[in-house]
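This structure is in structure tokens; I'll ask about it shortly.
All figures in this text were calculated on a predicted structure; none of them were measured in a lab. Atoms within each ligand, like the ligands themselves, are counted from 1 in listed order. Position 1 is the first residue of the sequence, and the numbers go up from there.
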Amino acid sequence: MKIQNEETLINWGEKLGALLEKGDVLVLSGDLGAGKTTFTKGIARGLGIDQMIKSPTYTIVREYEGRLPLYHLDVYRIDGDPDSIDLDAFLFGEGVAVIEWGELLEQALPEDYLQLTLSHADQGRNLDSYAVGSRSQELLEEWIHDLA
Ligand code: ADP
Ligand code: MG
């Protein structure tokens, strides 16, 4: 799916955020600057969070309170050692987990998650998605329906 500008990416994130339920896990992949954090700003908005979202690159995780808690992780710096954080607290907690560079977690990922991959495309971005598991499949279908 082609995304022309930052506003559209935030808007799509907001629509997805509005659909999220407790226990949902989103894995965001893509190079530095691809838009993972920008997309998370939209998700936060959709969860009713009005705090400013800052990249968790150095802190690994930031938590926000909205309609549901949002656990925003950036695991780039823990690659190879998922045991260095209490991942289960975020994956199986009260809220939803959005994990930048989540693909690095490999076997530590849960059975059900939505994989979203952003890449640079001309001036805009491209977004690829696939669902791992039935809950994510349902979420993806609802989201695509809302985007149309
Ligand atoms: P990441 O978290 O993937 O490293 P960020 O969201 O922090 O990426 O940064 C994306 C950068 O790219 C921002 O500075 C944003 O303004 C810029 N940008 C330019 N065009 C777009 C677009 N179409 N979608 C998203 N971000 C864009
Ligand atoms: Mg980021």
- Message: Quick test: of every protein heavy atom, which one is nearest to atom 11 (C) of ligand 1, and how far off is it to 0.1 Å?
- Response: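 Here the closest protein heavy atom is G33 O, 3.8 Å.
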- Task: Just need the protein heavy atom nearest to atom 16 (O) of ligand 1, so name the residue and atom and give the distance.
- Result: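 Going by distance alone, atom 16 (O) of ligand 1 is nearest to E6 OE1, 2.6 Å.
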- Just checking, is any N or O donor in the side chain of D112 or S136 under 3.5 Å from an acceptor N or O on the other one?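 Checked: D112/S136 side chains pair up, N/O donor to acceptor below 3.5 Å.
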- Query: Heavy-atom contact under 4.0 Å between Q4 and ligand 1?
  - Reply: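 Yes, that is the case, since the closest heavy atom of the residue is under 4.0 Å from the ligand.
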- Message: Please list the nearest protein heavy atom to atom 8 (O) of ligand 1 with its residue and the distance rounded to 0.1 Å.
- Response: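 Answer for atom 8 (O) of ligand 1: G35 N, 3.1 Å.
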- Could you point out which residue of V27, V75, T40, L73 forms a side chain to side chain contact (heavy atoms under 4.5 Å, CB included) with E100?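 Single pass found, and it is T40.
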- Message: Exactly one of D128, L28, V98 should register a side chain to side chain contact (heavy atoms under 4.5 Å, CB included) with L116. Which one does?
- Response: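 When D128, L28, V98 are each tested with L116, the side chain to side chain contact (heavy atoms under 4.5 Å, CB included) holds only for L28.
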- Message: Which residue and atom name correspond to the protein heavy atom nearest atom 17 (C) of ligand 1, and how close is it?
- Response: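 Ranking protein heavy atoms by distance from atom 17 (C) of ligand 1, first comes R125 NH2, 3.7 Å.
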- With a 4.0 Å cut-off, strictly under, does atom 14 (O) of ligand 1 pick up any protein heavy atom?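 Looking at atom 14 (O) of ligand 1, one finds that no protein heavy atom lies closer than 4.0 Å.
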- Message: Can you report which non-hydrogen protein atom sits closest to atom 6 (O) of ligand 1, along with the distance?
- Response: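 Going atom by atom, the protein heavy atom closest to atom 6 (O) of ligand 1 ends up being T38 OG1, 2.5 Å.
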- For residues N5 and T8, is any side-chain donor paired with an opposing acceptor at under 3.5 Å?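 Note: N5 and T8 side chains meet the donor-acceptor criterion.
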- Query: Counting only heavy atoms, which portion of E100 has something under 4.0 Å from ligand 1: side chain, backbone, both, or neither?
  - Reply: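 For E100, only side-chain atoms sit under 4.0 Å from ligand 1.
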- Is the closest N or O pair between L9 and ligand 1 shorter than 3.5 Å?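 No; every N/O pair is 3.5 Å or more apart.
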- Query: Out of L26, I49, I53, which one pairs with I43 under the side chain to side chain contact (heavy atoms under 4.5 Å, CB included) rule?
  - Reply: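 Only one of L26, I49, I53 forms a side chain to side chain contact (heavy atoms under 4.5 Å, CB included) with I43, namely L26.
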- Task: Give the minimum heavy-atom separation between K2 and W12, together with the two atoms involved.
- Result: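 What the structure gives for the nearest pair is O-CH2, 4.0 Å.
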- Message: If I take every N, O or S atom of D74, is at least one of them less than 2.8 Å from the Mg ion (ligand 2)?
- Response: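 Of the N, O and S atoms in D74, none lies under 2.8 Å from the Mg ion (ligand 2), which means no.
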- Member of Y64, F92, F90 meeting the ring-ring contact (aromatic ring centres under 6.0 Å, His included) criterion with Y71: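 Checked Y64, F92, F90 against Y71; only one passes ring-ring contact (aromatic ring centres under 6.0 Å, His included): F90.
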- Tell me, which N, O or S atom in E100 is closest to the Mg ion (ligand 2)?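 So the atom name we want here is OE1.
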- Query: Is the backbone of D31 close enough, under 3.5 Å, to the side chain of K36 for a donor and an acceptor to pair up by distance?
  - Reply: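 Yes, because the side chain of K36 sits within donor-acceptor range (under 3.5 Å) of the backbone of D31.
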- Message: Looking at every heavy atom in both S55 and R62, which two are closest together, and how far apart are they?
- Response: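 What the structure gives for the nearest pair is O-NE, 3.4 Å.
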- Find all atoms of ligand 1 within a distance of less than 4.0 Å from any non-hydrogen atom belonging to L32, and give their numbers and elements.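 What qualifies from ligand 1 is 4 (O).
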- Task: Identify, for atom 7 (O) of ligand 1, the protein heavy atom at the shortest distance, and state residue, atom and that distance.
- Result: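 For atom 7 (O) of ligand 1, the nearest protein heavy atom is T37 CB, 3.6 Å.
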- Item | ILVMFWY cluster, L139 and L70 together (side-chain gap under 4.5 Å) |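 Yes, because L139 and L70 connect within a single hydrophobic cluster, where side-chain heavy atoms sit under 4.5 Å apart.
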- Close approach of A34 to ligand 1, heavy atoms, under 4.0 angstrom: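 Under 4.0 Å: yes for A34.
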- Message: Below 2.8 Å, can you find an N, O or S atom of T37 next to the Mg ion (ligand 2)?
- Response: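 Checking the Mg ion (ligand 2) against T37, an N, O or S atom does fall under 2.8 Å.
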- Task: Measure D31 to ligand 1 on non-hydrogen atoms and call it side chain, backbone, both or neither using the 4.0 Å cut-off.
- Result: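 The answer is the backbone.
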